[in-house]
Number of protein chains: 2
Amino acid sequence: MPLSAEHKERTRARILAAAGRVFRRQGYAATAVDAVMAEAGLTRGGFYAHFPSKEALFAEVLAHDHGLIRMLAARRARSSAGWRRQTRRILGDWLAPDHLGPVREGCSFAALTADAARGGPEVRRAWGLAFERLVGELLRTPATDVDQALAMASSERRALAAQLAANAIGMLVVAAAGEDGLLRTAQAVTRAAVLEQIDRLLAS
Amino acid sequence: MPLSAEHKERTRARILAAAGRVFRRQGYAATAVDAVMAEAGLTRGGFYAHFPSKEALFAEVLAHDHGLIRMLAARRARSSAGWRRQTRRILGDWLAPDHLGPVREGCSFAALTADAARGGPEVRRAWGLAFERLVGELLRTPATDVDQALAMASSERRALAAQLAANAIGMLVVAAAGEDGLLRTAQAVTRAAVLEQIDRLLAS
DNA sequence: TTTTTGGTATGATAGCCATCATATGAAAAG
DNA sequence: CTTTTCATATGATGGCTATCATACCAAAAA
């Protein structure tokens, strides 16, 4: 037998992470498979042993490479006050005006949503599932997991959480296109509105 | 002398309009110059007699091809009640859930903002100026033009208008990526919020 | 009608891209 | 140590892209 199976798995994960970085930086259409592999410290040879196509890789990135979801999933507070504080901190940092550069580099929702919209069914499904998980994380409490939170929430609460998520992502997408003060202040206003919304959402 | 100068101008406008359509449909990076010229009923030969580069064409599209701005600029009401009604109708149609397809095809803000964010300085400047004009149109009243509206508005009102615009554009960008009911309801909620905001903005 | 002018078409160039075919080499199993 | 196995590297292919050079041909001016 050749190299261990876990070695392959680790390499696959490395390619996935590299793809996320390069896609977010340059966009999906403008990124070559060679560039992804180079970012991972490899050459194009092995790529198709791990992913059937560039678009399948994109779908995989959209399915799993979301720092915001990871941070929300890592909340550990027991009391609902602490939970609310943690959530506020994560969303507040995420929408902080001076973090726009890093966020854009690091957040797939902010950087890749528009690219996902032009993808095939597989890509769009992956994005949709990730968005749903984000909404679930926003609805979640210390006592429930993501699926429970989604299943138990009223359709009204689900819509509010989805609106919150869409507003925040949309604000980052728009803010990334302009650098004038107008957008910086708009981002600050949106940030305040989002923090208010999450309070209302987690208070009930 | 060869063909009239106005003929060249008309051809240039035809290329510009064709570019807008194809860019919005396929995205900037995925669109070839040949495809733009074919959409305009021409071949690639004459392109560089009209625009110095593909990216310059993109900047030109971002500077001028915004249906939303055109519709807002066409408002003609005298009374502030009629003005508010017209504005509500334009924004309401723009954010109507069942218009998402056509809007995405027709609205450069919804379709091209993310692409503009990855463009060069020229592209970003063109997008920024268009966004500013959109904000000016939102602040405008029957008595003022865009520049006056921008100059006279308090920075607070400017920020509110920019937030409104960013929320609406962002919602459309996000909604274009998913087709589930979650986003459809979120879009409806955002639409209601935007209409409320524009009322507040135009009431003062 | 002839000439001139410049917008447009055709053809070319140089480079890039996604994907595949083959070669290589390292490590695990014997 | 030898053999096997497969992840990865190298090289190739067919196609696409932005841009340029040249050729053509309509129309305006003479």
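Values below: all heavy atoms of this structure, side chains included; hydrogens, waters and symmetry mates excluded. Within every chain, numbering begins at 1; the chains are lettered A, B, ... in the order of the sequence lines, protein sequences first and strands thereafter.
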Would you call A:R88 and A:D199 a salt bridge, using N to O less than 4.0 angstrom? yes
B:R10 has an atom CZ; how far is it from atom P of D:dA27, in whole Å? 12 Å
Answer yes or no: is there an ion pair linking B:R118 with A:D115, defined by an N-O contact shorter than 4.0 Å? yes
Would you call B:R133-B:E137 a salt bridge at under 4.0 Å N-O? no
Between D:dA18 (C1') and B:F51 (CZ): distance, integer Å: 16 Å
Base contacts versus sugar-phosphate-only contacts with protein, heavy atoms under 4.0 Å: please encode nucleotides 20-25 of chain D as B, S and - from 5' to 3'. ------
How are the rings of B:F109 and B:F131 set to each other: parallel, tilted or perpendicular (split at 30° and 60°)? perpendicular
Interatomic distance where CZ belongs to B:F47 and P belongs to D:dT17 [whole Å]: 14 Å
Would you indicate which nucleotide in C:dT19, D:dT17, C:dA9 comes nearest to any side-chain atom of A:D34? C:dT19
Under 6.0 Å from the ring centre and within 45 degrees of the ring axis: does the NZ or CZ of B:K54 meet both conditions for the six-membered ring of B:Y28? yes
Whole-Å distance between C:dA18 P and A:L57 CG? 11 Å
Check whether any side-chain nitrogen or oxygen of A:S53 sits under 4.0 Å from OP1 or OP2 of C:dA18, and answer yes or no. no
Any residue in residues 112-125 of chain A with a heavy atom nearer than 4.0 angstrom to DNA chain D? Just list them by number, or reply none. none
Lys/Arg N to Asp/Glu carboxylate O, B:R12 vs B:E60, below 4.0 Å: yes
With a 3.5 Å cut-off and sequence neighbours excluded, list the donor-acceptor pairs that the side chains of residues 31-43 of chain B form with protein atoms.
residue : atom : partner : partner atom : Å
B:T31   : OG1  : B:G27   : O            : 2.6
B:E39   : OE2  : B:R21   : NE           : 2.7
B:E39   : OE2  : B:R21   : NH2          : 3.3

Whole angstroms only, please: what is the CE-P distance between A:M37 and C:dA18? 12 Å
Does A:T11 have a side-chain nitrogen or oxygen under 4.0 Å from the phosphate oxygens OP1 or OP2 of D:dT8? yes
State whether B:H7 places a side-chain N or O below 4.0 Å from either non-bridging phosphate oxygen (OP1 or OP2) of D:dA26. no
Consider the side chain of B:K54, meaning its heavy atoms from C-beta on, and name the nucleotide among C:dA18, D:dA18, D:dT10 that approaches it most closely. D:dA18
Closest to the side chain of B:K8, out of D:dA7, C:dG7, C:dA9, is C:dG7
Side-chain ion pair, A:R184 and A:E179, N-O less than 4.0 Å: no
Using a strict 4.0 Å threshold on nitrogen-to-oxygen distance, state whether A:E122 and A:R125 make a salt bridge. no
Minimum-distance nucleotide to A:L42 side chain [options: D:dA9, C:dA18, C:dA9]: D:dA9
Atom CZ of A:R12 to atom P of D:dC6: distance rounded to whole Å? 18 Å
Rounded to whole angstrom units, what separation is found between the CZ atom of A:R14 and the P atom of D:dA7? 14 Å
